[in-house]
K.L.:
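Got a structure for you, written out below as structure tokens; questions coming shortly.
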Amino acid sequence: MAQVITGVVNITNYLIETDHTDPRTRDWFWTGSLWRPFLLMCFYYYFVKFLGPWFMKNRQPYNLDTVLKVYNVFQILYSAFGVYIVIKVCYMDGQYSLICQPIDKRNTAQTYAEMLCVWYYYMAKITDLLDTVFFILRKKFKQASFLHVYHHTGMIITGLIGTRYVPGGHAVSLGAVNSFVHAIMYTYYLLSALDKKFTEAKWKRYITQLQMVQFVCLIVHFSLPFLFPCGYPLWPCAIIVPQYIFMLALFYDFYRKAYGNKPKQT
């Protein structure tokens with residue numbers, strides 16, 4: 001137990017110490033300070049659990065159909081572009097390894113493009129928070145579940161760590177995989193807003209399956225540097241792998257309860 005506590009303290013000190021940040025992204029938007037994302041996550045949680053429900057208590061649900069359609073289109077395009085830039089920057093030349101890719105710490109056009117991919121993904125995790133805001137304003141409080149809130153806050157932390165401390169290298173693939181899943185997911189949301197038959201169909205079940213496959217792929221991906229070290233720092237992998245195992249367990253529990261075989265009523 002003492003070793004675990006020491007490890008947590010060491011990681012915390014590593015994250016807080018400015019000298020350990022990557023100087024190339026230290027002054028980027030929403031990367032230079034830990035306080036902004038921390039306060040954002042605190043306000044997000046407070047709004048979801050207290051302020052939002054209190055504000056909506058004596059109000060009718062807001063009609064956000066038009067807003068949601070615009071938001072979903074934006075998220076589809078943003079996510080699709082996120083996949084495109086990672087493939088273009090990192091994989092089209094065939095030099096980027098999926099097994100283990102170290103961080104290139106030089107100041108070149110290529111490394112700047114890789115860092116931009118990571119920051120771009122980080123910004124996407126902030127815009128994703130609007131999902132929950134829309135749930136609250138439409139009085140769909142049950143959809144703002146522990147799984148939903150935990151997932152969104154966890155992804156912001158992941159994006160912040162990636163941009164502030166380890167921009168580029170092996171973690172770039174995370175943005176491509178997650179952005180691909182989100183492009184599919186928001187396409188489903190848009191189709192559901194345009195035609196209610198998509199809501200009634202089983203597409204949502206397949207979206208959840210796709211999300212679980214995503215976590216399996218990322219667990220494997222971030223386990224590879226332990227087996228085939230290449231110089232990429234292992235501490236982000238040590239954080240991400242347990243995190244995604246936990247997320248996979250949460251999503252599987254949701255899937256089992258929502259879509260599992262239910263006993264027939266007699």
Side-chain angles (χ1 to χ4, degrees), residues 10-41 74 77-128 154-180 182-183 217-218 220-241 243-244:
N10 289 339
I11 291 175
T12 302
N13 289 335
Y14 183 92
L15 295 177
I16 293 177
E17 289 289 339
T18 304
D19 291 340
H20 292 303
T21 61
D22 192 306
R24 298 171 300 174
T25 60
R26 184 179 298 165
D27 298 324
W28 286 22
F29 181 70
W30 273 76
T31 304
S33 171
L34 292 175
W35 286 110
R36 287 182 182 178
F38 176 74
L39 292 175
L40 174 64
M41 288 185 289
F74 170 80
L77 296 176
Y78 196 100
S79 300
F81 184 70
V83 177
Y84 167 74
I85 60 171
V86 172
I87 294 175
K88 182 178 184 296
V89 168
C90 301
Y91 295 110
M92 290 186 72
D93 61 2
Q95 297 181 4
Y96 212 85
S97 173
L98 283 171
I99 303 299
C100 186
Q101 179 68 30
I103 298 174
D104 188 344
K105 296 186 178 182
R106 297 175 298 172
N107 287 302
T108 65
Q110 174 65 24
T111 58
Y112 180 82
E114 291 179 18
M115 293 186 295
L116 197 61
C117 289
V118 180
W119 178 84
Y120 187 89
Y121 170 77
Y122 174 36
M123 293 297 101
K125 299 306 100 184
I126 293 178
T127 62
D128 285 349
M155 298 309 284
I156 286 184
I157 294 173
T158 301
L160 174 63
I161 290 175
T163 309
R164 184 177 170 89
Y165 301 99
V166 284
H170 196 69
V172 172
S173 300
L174 186 155
V177 173
N178 188 251
S179 294
F180 172 77
H182 274 229
C217 292
L218 292 175
V220 173
H221 182 67
F222 282 96
S223 297
L224 292 176
F226 292 103
L227 303 175
F228 308 98
C230 63
Y232 182 80
L234 296 180
W235 68 265
C237 303
I239 294 174
I240 289 175
V241 170
Q243 161 75 2
Y244 284 178

K.L.:
Checking Thr158 against Tyr121: is there a side-chain donor and acceptor pair closer than 3.5 Å?
P.N.:
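Per modelled atom types, Tyr121 and Thr158 side chains form no pair under 3.5 Å.
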K.L.:
Which pair of non-hydrogen atoms, one from Val83 and one from Phe180, has the smallest distance, and what is that distance?
P.N.:
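Taking Val83 first and Phe180 second, the nearest heavy atoms are CG2-N, 3.3 Å.
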K.L.:
For a 4.5 angstrom cut-off between non-hydrogen side-chain atoms, does His221 reach Val177?
P.N.:
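No, their side chains stay 4.5 Å or more apart.
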K.L.:
Considering non-hydrogen atoms only, spot the tightest contact between Ser179 and Gly175 and give its length.
P.N.:
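Taking every non-hydrogen atom into account, OG-O, 2.7 Å.
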K.L.:
Measuring from Met115:CE to Asp104:CG, what's the distance to the nearest 0.5 Å?
P.N.:
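The distance works out to 9.5 Å.
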K.L.:
So do Ile240 and Leu174 actually touch side chain to side chain, heavy atoms under 4.5 Å?
P.N.:
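A side-chain contact exists here, since the closest heavy-atom pair is under 4.5 Å.
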K.L.:
Check the surroundings of atom CZ in Phe226: do more than 12 heavy atoms from other residues, nucleotides or ligands lie under 6.0 Å from it?
P.N.:
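Buried by this count: over 12 neighbours within 6.0 Å.
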K.L.:
Within this structure, what is the CE-CZ distance for the pair Met41 and Arg36, rounded to the nearest 0.5 Å?
P.N.:
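Here the interatomic distance stands at 14.0 Å.
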K.L.:
What heavy-atom pair brings Ala183 and Ala80 nearest, and what distance separates the two atoms?
P.N.:
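Closest approach of Ala183 to Ala80: CB-N, 4.3 Å.
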K.L.:
Give the minimum heavy-atom separation between Pro37 and Ser33, together with the two atoms involved.
P.N.:
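Scanning both residues, the minimum pair turns out to be CD-O, 3.3 Å.
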K.L.:
Side chains of Thr111 and Arg106: donor-acceptor distance under 3.5 Å anywhere?
P.N.:
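There is no such pair (donor and acceptor under 3.5 Å, judged by atom type) between the side chains of Thr111 and Arg106.
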K.L.:
Over all heavy atoms of both residues, which pair between Leu98 and Leu224 is shortest? Give the atoms and the distance, please.
P.N.:
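Minimum heavy-atom separation between Leu98 and Leu224: O-CD1, 3.7 Å.
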K.L.:
Provide the closest heavy-atom pair for Cys100 versus Ser97 in the form atom of the first, atom of the second, distance.
P.N.:
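Of all heavy-atom pairs spanning Cys100 and Ser97, the closest is N-OG, 3.4 Å.
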K.L.:
Would you check if Asn107 and Tyr112 make a side-chain contact, meaning some heavy-atom pair closer than 4.5 Å?
P.N.:
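In short, these two side chains do not touch, never coming nearer than 4.5 Å.
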K.L.:
Yes or no on side-chain contact (heavy atoms from CB on, under 4.5 Å) for Asp128 and Lys125, after CA distance, side-chain angles and deciding distance?
P.N.:
CA-CA 5 Å; Asp128 285 349; Lys125 299 306 100 184; 2.8 Å; yes
K.L.:
Please round to the nearest 0.5 Å and tell me the distance separating atom CD1 of Ile103 and atom SG of Cys230.
P.N.:
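So the CD1 of Ile103 and the SG of Cys230 are separated by 9.0 Å.
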K.L.:
Hey, what do you get for CZ (Phe228) to OG (Ser223), rounding to the nearest 0.5 Å?
P.N.:
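Interatomic distance, Phe228 CZ to Ser223 OG, rounded to 0.5 Å: 11.0 Å.
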K.L.:
Take the angle between the ring planes of His170 and Tyr232 and call it parallel below 30°, perpendicular above 60°, tilted in between.
P.N.:
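Taking Tyr232 first and then His170, their aromatic rings sit tilted (interplane angle of 30° to 60°).
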K.L.:
From Ser173 OG over to Tyr91 OH, what is the distance, rounded to the nearest 0.5 angstrom?
P.N.:
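Ser173 OG to Tyr91 OH: 2.5 Å, rounded to 0.5 Å.
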K.L.:
Return yes when the gap between the SG atoms of Cys117 and Cys90 is under 2.5 Å; return no otherwise.
P.N.:
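Cystine link not detected, SG atoms outside the 2.5 Å cut.
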K.L.:
Can you say whether the rings of Phe38 and Trp35 are parallel (under 30°), tilted (30 to 60°) or perpendicular (over 60°)?
P.N.:
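Geometry flag for Trp35 against Phe38: perpendicular rings.
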K.L.:
Using side-chain heavy atoms (C-beta onward) and a distance below 4.5 Å, is Val166 in contact with Asp22?
P.N.:
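A side-chain contact is absent here, since even the closest heavy-atom pair is not under 4.5 Å.
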K.L.:
Report yes if some heavy atom in the side chain of Gln243 is under 4.5 Å from a heavy atom in the side chain of Ile157; otherwise report no.
P.N.:
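Heavy-atom side-chain distance check fails, nothing below 4.5 Å.
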K.L.:
Are the side chains of Leu234 and Pro225 in contact, using a 4.5 Å heavy-atom criterion?
P.N.:
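SC-SC contact between Pro225 and Leu234 confirmed.
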K.L.:
Treating Arg164 as the side-chain partner and Gly32 as the backbone partner, does any N or O pair qualify as donor plus acceptor under 3.5 Å?
P.N.:
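At least one qualifying donor-acceptor pair exists.
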K.L.:
Counting C-beta onward and ignoring hydrogens, is there a side-chain heavy-atom pair between Ile126 and Met123 closer than 4.5 Å?
P.N.:
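Side-chain contact under 4.5 Å: yes.
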K.L.:
Between Trp119 and Pro167, is there a donor-acceptor pair closer than 3.5 Å when you use the side chain of the first and the backbone of the second?
P.N.:
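Judged by distance alone, no pair lies under 3.5 Å.
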K.L.:
A side-chain contact here means heavy atoms from C-beta on lying under 4.5 Å apart; do Tyr244 and Val220 qualify?
P.N.:
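A side-chain contact under 4.5 Å is absent here.
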K.L.:
Could you give the distance from CG (Leu39) to CG (Leu34), rounded to the nearest 0.5 Å?
P.N.:
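Atom-to-atom, Leu39:CG and Leu34:CG are 10.5 Å apart.
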K.L.:
Would the distance check show the side chain of Tyr78 and the main-chain N or O of Tyr120 forming a donor-acceptor pair, the cut-off being under 3.5 Å?
P.N.:
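Looks like yes, one N/O pair under 3.5 Å.
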